[in-house]
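Below is one structure, written out as structure tokens; the observations come after it.
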Amino acid sequence: ALAGRGQLHQRLRHGEDLAGSVVFVRFGGRLEHVCRSSIATLVAAWRQVSLDGPPSAIVSLSAGHTEMLYAIGAGDQVIAADAYSDCPAAAADLPHLDAFSPSVESIVALESDLVIIFFDPGGLVEALESAGVRSLVLEAPDSVDAVFDQMELLGEVTGHPEGASD
């Protein structure tokens, strides 16, 4: 059965065994196939497939995820954020971009190695991939558990797993 990202995360959070399910992770222009039964192993598989190391230049086009990045200790890796990212105070000093009508050219000019978005406003992920920029789509969390799950994922992706578990 085909499920959206939100449905997949919900199924994973509730411990559903997805060993027989097919999950695809899009990254760097490639569509990678993984079969996993938990968020932790899915994150590990994504990281193994997708990252050479923690990103050093992150653009966050989601105010909530910007806050999470700072909360887990990855604030120094954030080089730009969406127009509504003003918390913590350091985020207000970053260059700001429009998350709803983002300019691929502006993002590419920042020389980021990872862009975090909460939705794809009309082909942004594909355009970034074509420009050689990696992206991670994390829907806005719909529960406290989902916030913690995403913080754990961001901790793994950014090299701050200990900050995400505190």
Side-chain angles (χ1 to χ4, degrees), residues 2-10 12-13 23-32 39 42-43 46-47 49-160 163-164:
L2 183 62
R5 278 186 301 273
Q7 293 170 327
L8 177 62
H9 286 184
Q10 186 77 6
L12 289 169
R13 276 197 305 274
V23 178
F24 289 94
V25 178
R26 178 183 292 279
F27 204 75
R30 296 185 318 258
L31 201 58
E32 299 291 343
I39 288 178
L42 181 58
V43 169
W46 182 85
R47 186 174 187 192
V49 167
S50 307
L51 296 175
D52 298 326
S56 59
I58 300 170
V59 172
S60 175
L61 296 181
S62 164
H65 293 109
T66 301
E67 284 189 55
M68 289 183 202
L69 289 164
Y70 276 89
I72 64 171
D76 289 344
Q77 293 160 263
V78 180
I79 61 166
D82 73 297
Y84 298 101
S85 289
D86 59 3
C87 186
D93 296 332
L94 294 170
H96 286 90
L97 303 169
D98 185 349
F100 297 98
S101 298
S103 164
V104 174
E105 294 80 11
S106 295
I107 294 170
V108 170
L110 291 168
E111 298 181 2
S112 66
D113 51 7
L114 180 65
V115 178
I116 297 172
I117 61 176
F118 69 99
F119 79 105
D120 188 348
L124 177 62
V125 171
E126 289 178 23
L128 290 171
E129 287 175 0
S130 293
V133 179
R134 299 182 236 190
S135 61
L136 173 60
V137 180
L138 291 175
E139 293 178 351
D142 59 359
S143 68
V144 173
D145 285 341
V147 170
F148 289 125
D149 289 343
Q150 288 190 8
M151 288 180 77
E152 182 180 343
L153 177 111
L154 288 171
E156 289 293 325
V157 168
T158 62
H160 296 277

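These numbers come from a predicted model, not from an experiment. When a residue number appears, it is its place in the shown sequence, counting from 1.
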- What are the two closest non-hydrogen atoms of Asp113 and Ser56, and how far apart are they? OD2-N, 2.9 Å

- Message: Treating Gln77 as the side-chain partner and Thr158 as the backbone partner, does any N or O pair qualify as donor plus acceptor under 3.5 Å?
- Response: yes

- Message: Does any part of the side chain of Ile117, heavy atoms only, come nearer than 4.5 Å to the side chain of Leu128, both counted from C-beta?
- Response: no

- Message: If we ignore hydrogens and angles and just use 3.5 Å, is the side chain of Asp82 paired with the main-chain N or O of Ala63 as donor and acceptor?
- Response: yes

- Task: Please step through side chain to side chain contact (heavy atoms under 4.5 Å, CB included) for the pair Val108 and Val133, ending with a clear verdict.
- Result: CA-CA 7 Å; Val108 170; Val133 179; 4.1 Å; yes

- Note on the structure: Taken to the nearest 0.5 Å, the spacing of Leu153 CG from Glu156 CD works out to 8.0 Å

- Leu61 side chain reached by Thr66 side chain, heavy atoms, under 4.5 Å: no

- Residues forming a side chain to side chain donor-acceptor pair (under 3.5 Å) with Ser103, sequence neighbours excluded: Glu105, Ser106

- Would you mind reporting whether Ser112 and Ile58 have side-chain heavy atoms less than 4.5 Å apart? no

- Query: Minimum heavy-atom separation for His160 to Ile72, with atom names?
  - Reply: CB-O, 3.5 Å

- Task: Answer yes or no: does atom CG of Asp76 have more than 12 heavy-atom neighbours from other residues, nucleotides or ligands under 6.0 Å?
- Result: no

- Side chain proximity check, Ser135 to Val125, heavy atoms < 4.5 angstrom: yes

- Message: Within the structure provided, determine whether Val147 and Met68 are in side-chain contact (heavy-atom separation under 4.5 Å).
- Response: yes

- Where the side chain of His96 meets the backbone of Tyr84, is there a donor-acceptor pair that is under 3.5 Å apart? no

- Task: Would you indicate whether the side-chain heavy atoms of Pro102 and Pro121 approach each other to under 4.5 Å?
- Result: yes

- So CG of Leu138 and CD of Gln150: to nearest 0.5 Å the spacing works out to 4.5 Å

- May I ask you to decide if the ring planes of Phe100 and Phe119 are parallel, tilted or perpendicular, using 30° and 60° as cut-offs? tilted

- Item | Audit row: Leu69, Ile116, side chain to side chain contact (heavy atoms under 4.5 Å, CB included) steps and yes/no | CA-CA 10 Å; Leu69 289 164; Ile116 297 172; 3.9 Å; yes

- Could you tell me whether the side chain of His65 reaches within less than 4.5 Å of the side chain of Leu154, counting heavy atoms only? yes

- Message: Within the 4.5 Å heavy-atom criterion, are Leu136 and Val115 side-chain neighbours or not?
- Response: no

